[in-house]
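Below is one structure, written out as structure tokens, with a few remarks after it.
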2 protein chains.
Amino acid sequence: MDRRQRRTRSLIFKAFTALLERKSYTSVTVQEIIDEADIGRSTFYAHFETKDELLKAMCRDIFDHVFSEEIMSEEHHDFSDKDSFQDHITHILCHLQEKQQSIKGIFSGECGEIFMRYLKEYLYQVFDRQLTDVEDIPRTYRLNHAVSSFAETVRWWLKEHSEYSPEQISRFYFESVDI
Amino acid sequence: MDRRQRRTRSLIFKAFTALLERKSYTSVTVQEIIDEADIGRSTFYAHFETKDELLKAMCRDIFDHVFSEEIMSEEHHDFSDKDSFQDHITHILCHLQEKQQSIKGIFSGECGEIFMRYLKEYLYQVFDRQLTDVEDIPRTYRLNHAVSSFAETVRWWLKEHSEYSPEQISRFYFESVDI
DNA sequence: ATAGATATAGAACAATGTGTTCGGTAACAA
DNA sequence: TTGTTACCGAACACATTGTTCTATATCTAT
């Protein structure tokens with residue numbers, strides 16, 4: 001990737017993140033992003049077709065880091081006991097905490113929906129292999145329950161209760177849910 | 001309320017609901033709602049300032065029915081045991097099922113966020129009184145967990161697994177969460 | 001039944017934001 | 001150095017929004 005492209009892309013991301021901290025997603029216009037990033041109008045559209053595509057690209061960037069190869073690779077998926085899985089989850093929480101500044105703005109308002117959807121897509125893969133079966137409760141229900149409540153835990157944590165450590169959050173979660 | 005106002009309001013709600021079943025919230029324009037409802041442009045704006053206000057009004061209408069006085073009133077809140085609380089939840093699920101047609105479209109895409117926020121606001125009141133305390137886990141965490149996972153349960157149910165009965169959903173939930 | 005109030009229709013309008021195009025300039029890579 | 005590619009920025013057509021206005025239809029209360 002061209003150095004100029006990386007620079008522009010980064011400028012757009014930073015501008016967008018900054019704007020989301022003081023305005024709602026819908027109210028942010030492309031023009032404002034352009035002004036904040038201090039780039040040309042046509043340059044923005046050379047990178048992203050719409051504001052929505054920009055948001056999606058940002059989510060992908062974040063999750064590609066959080067759920068990096070190291071974490072998702074097969075070799076790390078022989079969780080024989082519950083504890084090692086919990087460590088795995090704690091590890092993911094640490095990565096999320098690193099990205100907190102970028103994430104915080106995205107959570108609020110309307111674009112939280114898109115962010116959460118992406119987050120859940122990754123989480124489905126992580127939880128699907130670990131989930132046990134329980135009689136008389138559909139597996140799809142339990143999977144949705146585990147993934148959703150974890151995603152909401154993350155939101156609750158990073159949005160307004162970041163005083164807790166990843167280890168504490170992990171403990172809260174595993175004491176509240178049967179995996 | 002004037003008969004004409006009720007009629008117009010109903011036409012707008014129906015048009016909006018119909019549009020949300022085949023298009024995403026963002027892509028629906030005020031003009032389309034006007035055309036679908038077959039009303040004048042100024043009439044729409046006499047009722048709602050923006051599309052967002054319309055969505056909020058629809059959510060309020062739905063929840064005012066689902067969490068009606070009968071359900072929320074103090075006299076029905078002496079749940080001495082877990083079972084009667086579960087019955088209460090089942091009752092709410094029945095009301096939600098009645099409104100399924102209106103709700104289904106709202107769930108999808110971007111406006112699900114707003115709908116879920118409203119739903120959770122009501123649920124906080126319902127769950128707050130019933131929630132027990134657990135050592136070493138913050139009450140706010142447990143409340144958020146109970147409310148969020150119930151709200152997500154509702155979404156999962158009405159959106160793609162409506163083959164289950166309110167009683168079944170209630171059972172799935174209470175076997176997955178400690179209240 | 002009539003009169004006064006109110007809701008609606010529909011056209012016209014300014015204002016704003018969107019997405020594209022194009023020619024010129026600057027930065028890159030080989 | 002040379003060809004390629006990204007950026008700039010102005011201009012443009014277009015869609016959508018939200019307001020204003022007058023005429024008409026419909027309600028409510030007496």
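Hydrogens, waters and symmetry mates play no part in the numbers below; they use all other heavy atoms, side chains included. A note on names: the letters A, B, ... follow the listed sequences, proteins ahead of strands, and every chain is numbered from 1.
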**Study point:** Distance test, side-chain N/O of A:His47 to OP1/OP2 of D:dA6, below 4.0 Å
**Key:** no
Check your understanding: Taking the inter-plane angle between the rings of B:His95 and B:His91 on a 0 to 90° scale, is it parallel (under 30°), tilted (30 to 60°) or perpendicular (over 60°)?
Key -> perpendicular
Review point. Of all the choices, D:dA6, D:dC27, C:dT21, which nucleotide is nearest to the side chain of B:Arg3 once you look at every atom?
Key: D:dC27
Check your understanding: Does the side chain of A:Thr43 get closer than 4.0 angstrom to OP1 or OP2 of D:dC8 through an N or O atom?
Key -> yes
Review point. Looking at B:Phe115, is B:Lys120 sitting on its ring face, NZ or CZ under 6.0 Å from the six-membered ring centre and within 45 degrees of the normal?
Key: no
Exercise for review: Would you indicate which nucleotide in D:dG18, D:dC8, C:dG19 comes nearest to any side-chain atom of A:Ile39?
Suggested key: D:dC8
Exercise for review: Using the closest heavy atom to pick a nucleotide of DNA chain C for each, name whichever of A:Arg4 or B:Ala46 lands nearer the 5' end.
Suggested key: B:Ala46
**Study point:** Distance below 4.0 Å between A:Gln31 side-chain N/O and C:dG17 OP1 or OP2
**Key:** no
Exercise for review: Using only heavy-atom distances, determine whether the side chains of A:Ser176 and B:Tyr141 contain a donor-acceptor pair under 3.5 Å.
Suggested key: no
Check your understanding: Does a nitrogen or oxygen in the side chain of A:Tyr45 sit under 4.0 Å from OP1 or OP2 of C:dG19?
Key -> yes
Exercise for review: Answer with base, sugar-phosphate or nothing: what part of the nucleic acid does B:Ser42 contact at a heavy-atom distance below 4.0 Å?
Suggested key: base
Revision key, fill the gap. Quick note, A:Asp2 side chain, CB onward, closest among D:dA11, C:dT8, C:dC28 is C:dC28
Check your understanding: Parallel under 30°, tilted from 30 to 60°, perpendicular over 60°: which one fits the rings of B:Phe63 and B:Tyr122?
Key -> tilted
Review point. When the distance from CG of A:Leu54 to P of C:dT18 is rounded to whole Å, what number comes out?
Key: 12 Å
